[in-house]
Amino acid sequence: MVQASSVEIRKVNKFYGPFQALKDIDLSVPPGKVTCLIGPSGSGKSTLLRCINFLEEYDSGEVRIDDQLIGYEVPGGRKMPARKLREMRRSIGMVFQQFNLWPHMTAQENVAEGLIRVRGLPRAEAADRAVEALRKVGLGDKMANHPARLSGGQQQRVAIARAIAMEPQLMLFDEPTSALDPELVGEVLNVMKTLAGEGMTMVVVTHEMGFAAHVADQVAFMEAGELVAVDAPARILHQPEDPRIQGFLRTYHERNAF
Amino acid sequence: MFSIETFFDSFGPLFWAARYTLLVSGLGIALGLVIGALICAAGLSRWTAAQRFAAIWVSFLRGVPLLVQLLLMYYLLPVIGINVPAIAAAVITVGICASAYISEIWRGAIGALPKGQSEAAIAIGMDPRNVWTRIILPQAVVLSLPALVNELILLVKASSLVSVVGILEVTRASQAHAATTFRPLEVYLAAACIYLLINLCLAGLGRYLEHRTAV
Ligand SMILES: Nc1ncnc2c1ncn2[C@@H]1O[C@H](COP(=O)(O)OP(=O)(O)OP(=O)(O)O)[C@@H](O)[C@H]1O
Ligand SMILES: [Mg+2]
C-alpha cells in the first residue's frame, strides 16, 4: 500500500486575462481514492488538474496537499520559494495526454532520470528501480527502446512508470488515453486500475466513462469553469439531476453509438 | 582555347590558399557558436536589458553586409588601440556575424520543442538547471545540427569576402593567379571546384550527423 495524500481545493479561481477559466472551485479528494473529472471540452478540467501541482498558477483560493498549501506561502500571499515547490512536486506524479516522454532517452533512462537528478540516487540504484517500475507496467522487455520505437500505449505506460518510480503519494492524469488508438486504451487503463487498487490517490481527467463508472470513487462534472457536481459515479453517470450533465452524457452516448 | 594544364596547375596554389578559407570559416563558426549561445541565452533570459541587447545584436549583424562589417572592424580596431593581424580581425568579424544567425538557429530549435517536454520534468520536481541541461539543450542541439551545418557552408562561401582585408584565401589567390597566368577562366573554375569540394564534404558531414542523431 502506498502512502497516499489528500487534496483540498477551496474557492479556486483562475483567469486568463479577462477570461475566467475556473470559478470558485471546491473539491475534496480523499486519500487513497480515485476522483474522475469529466465535462465538455474547454470546461477547465486540465486547468484545474494542473493547479494541483501548480503547473498552472491559480489566482485565488487554496489548493492543499495533505494540509500543505501549494504555490503560495499563505492564501493570497507571496509565491512559495521555488525549492519548496519542487519538493512538493516530487511526491505528485503527473501523466499527460501526449505522454511527454523524452525522445533522446531510452525507456529506462526516462524513468531513471528523475531518480538521479531529483531524488539524487546513485545511477546503479536508479537503473534498478527503473527496471522495477517498467516491469510493473508490463514493459520489462522494452527498457532499451527509445520512445519512437514504442507504441502509444507502451509510451504512456513508460510515462506512468516514470511517475510511479518517484514514489508519489498522489497521481494526476490528464486524459491519459485520449491520444491512443482504441485498441491500446485497455492496457493503460489496466495499469491505472492496478495503481488505484494499491491505494494511490488519483485525480483523472478522462472521457472514458467506463473507467469513471467502475474505478472512480467519486466523479466531478465541470462546465464552463464551474464544478457543477461531485458525487458517486452512479449518481453522476446514471441518474444525473443537473440538465447540463444530462446533455453532456446524451452527446457522449450519441457519439459512441454506431 | 581552354587550357587543361593551367586548370590543373591552379589547384596547387589554390589548395594552399584554402587553408585560410578553412581557418576563417572554421574558427569563425567556433566563435559564432560560443557568442551565439550567449546571445541566445540573453534573448531568452528574463532581464529586459539582456533581451534588448540580444535583439539589437541580431538585427544589426543581420542587417549590415558582412563586407561592410569586415571593413568597419578592420579600420575600427586600430582606432580603439587594438592592433591585431588582419586574419584575427577577419575571424572575429566572421564569428560575430555568424553568432547572430546561430543564436537565431538555437532560439528556433528551443522554441520548436513541445512545451510538454519541460513540463514533464518540472512536474517531477526537476530544477531549472537540469531541465535545461538534461531535457531542452540535448534535443535543441540535435534539432539545430542541419541548420548549423548549413550556416558553416554559408561561412565557407562568405569567407571569400575577407580578401578585402588582404587575406590570401581561395578567391583572392585565384585573382592573383589569374592575373599572372592570363587564364582567368581556368583559374576561377579551379577555385569553384575547391569551394564545391569543401562544401560537398560539409554537406556529407551534415547528413551523417543527422542520420546518426535521429531517434
Ligand atoms: N494558456 C491559456 N491562455 C488562455 N486561455 C486558456 C489557456 N489555457 C486554457 N485556456 C482556456 O481555458 C479554458 C479551459 O481550458 P482547459 O484546457 O482546462 O479545458 P479542458 O476542460 O481540459 O478541455 P479539453 O477537454 O479540450 O482538454 C478553455 O476555454 C481554454 O481556451
Ligand atoms: Mg484538457
Side-chain angles (χ1 to χ4, degrees), chain A residues 46 49-50 52-56 70 81-106 109-120 145-150 155 158-160 162-168 170-174 179, chain B residues 33 36-37 40-42 44-48 50-51 102 105-149 205-215:
Chain A
S46 300
L49 190 78
R50 291 159 58 88
I52 298 176
N53 63 357
F54 212 62
L55 222 42
E56 211 68 72
I70 191 165
R83 173 183 294 275
K84 188 82 196 33
L85 180 58
R86 290 200 294 271
E87 215 166 276
M88 288 190 77
R89 281 175 176 155
R90 275 192 210 188
S91 49
I92 308 174
M94 186 163 207
V95 174
F96 303 84
Q97 183 173 352
Q98 300 300 332
F99 328 136
N100 295 351
L101 290 182
W102 301 309
H104 56 304
M105 299 181 189
T106 63
E109 288 164 346
N110 264 277
V111 180
E113 189 65 17
L115 296 173
I116 298 168
R117 306 284 155 184
V118 180
R119 296 277 300 273
N145 287 36
H146 279 86
R149 302 234 176 284
L150 294 170
Q155 287 186 58
V158 173
I160 295 174
R162 175 171 70 178
I164 60 176
M166 298 290 290
E167 300 177 328
L170 162 66
M171 287 278 292
L172 310 174
F173 294 84
D174 193 354
Chain B
L33 288 169
C40 181
L44 295 173
S45 80
R46 59 194 143 173
W47 294 293
T48 6
Q51 291 172 10
I102 291 171
I105 288 171
W106 275 337
R107 202 167 65 102
I110 289 166
L113 292 183
K115 208 155 171 282
Q117 285 293 307
S118 49
E119 276 185 351
I122 290 167
I124 56 170
M126 201 180 276
D127 60 32
R129 190 176 60 87
N130 277 315
V131 174
W132 278 97
T133 59
R134 303 290 308 165
I135 309 299
I136 299 176
L137 293 179
Q139 296 188 62
V141 165
V142 169
L143 265 181
S144 70
L145 279 178
L148 289 179
V149 169
L205 172 78
R207 271 194 303 277
Y208 170 77
L209 288 177
E210 229 175 306
H211 179 74
R212 241 200 63 170
T213 52
V215 268

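In what follows, chains are A, B, ... by sequence order, proteins preceding strands, each numbered from 1.
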Could you tell me which portion of [X] (side chain, backbone, both or neither) has an atom closer than 4.5 angstrom to a non-hydrogen atom of chain B?
| X | answer |
| --- | --- |
| A/Leu55 | side chain |
| A/Arg83 | neither |
| A/Leu101 | backbone |

Item to check | Any residue meeting side chain to side chain contact (heavy atoms under 4.5 Å, CB included) with B/Leu145, in chain and number order, not counting sequence neighbours | outcome: B/Leu209, B/Thr213
Item to check | Contacts of A/Ile116 that satisfy side chain to side chain contact (heavy atoms under 4.5 Å, CB included) - sequence neighbours left out | outcome: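 By the side chain to side chain contact (heavy atoms under 4.5 Å, CB included) rule, A/Ile116 matches A/Ala112, A/Arg123, A/Ala126.
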Item to check | Distance in Å, B/Trp106 CH2 paired with B/Leu137 CG, rounded so as to fall on 0.5 Å steps | outcome: 9.0 Å
Item to check | Gap between atom CG of A/Leu172 and atom CD1 of A/Ile52 - 0.5 Å precision | outcome: 5.5 Å
Item to check | NZ/NE/NH1/NH2 to OD/OE distance under 4.0 Å, A/Glu167 and A/Arg119 | outcome: yes
Checklist entry - Among A/Arg50, A/Met166, A/Met88, A/Glu87, which residue forms the greatest number of heavy-atom pairs with chain B at distances under 4.5 Å? => result A/Arg50
Without swapping roles, check the side chain of [X] against the backbone of [Y] for a donor-acceptor pair under 3.5 Å.
| X | Y | answer |
| --- | --- | --- |
| A/Arg162 | A/Val95 | no |
| A/Asn110 | A/Met105 | yes |
| B/Gln51 | B/Thr48 | no |
| A/His104 | B/Ile136 | no |
| A/Trp102 | B/Gln117 | yes |
| A/Asn100 | A/Phe96 | no |

Item to check | Interface residues of residues 107-116 of chain B facing chain A - heavy atom cut-off under 4.5 Å | outcome: B/Gly116
Checklist entry - Going by residue number, which parts of residues 118-130 of chain B are within reach of chain A, meaning a heavy-atom gap below 4.5 Å? => result B/Glu119, B/Ala120, B/Ala121, B/Ile122, B/Ala123, B/Ile124, B/Gly125, B/Met126, B/Asp127, B/Pro128, B/Asn130
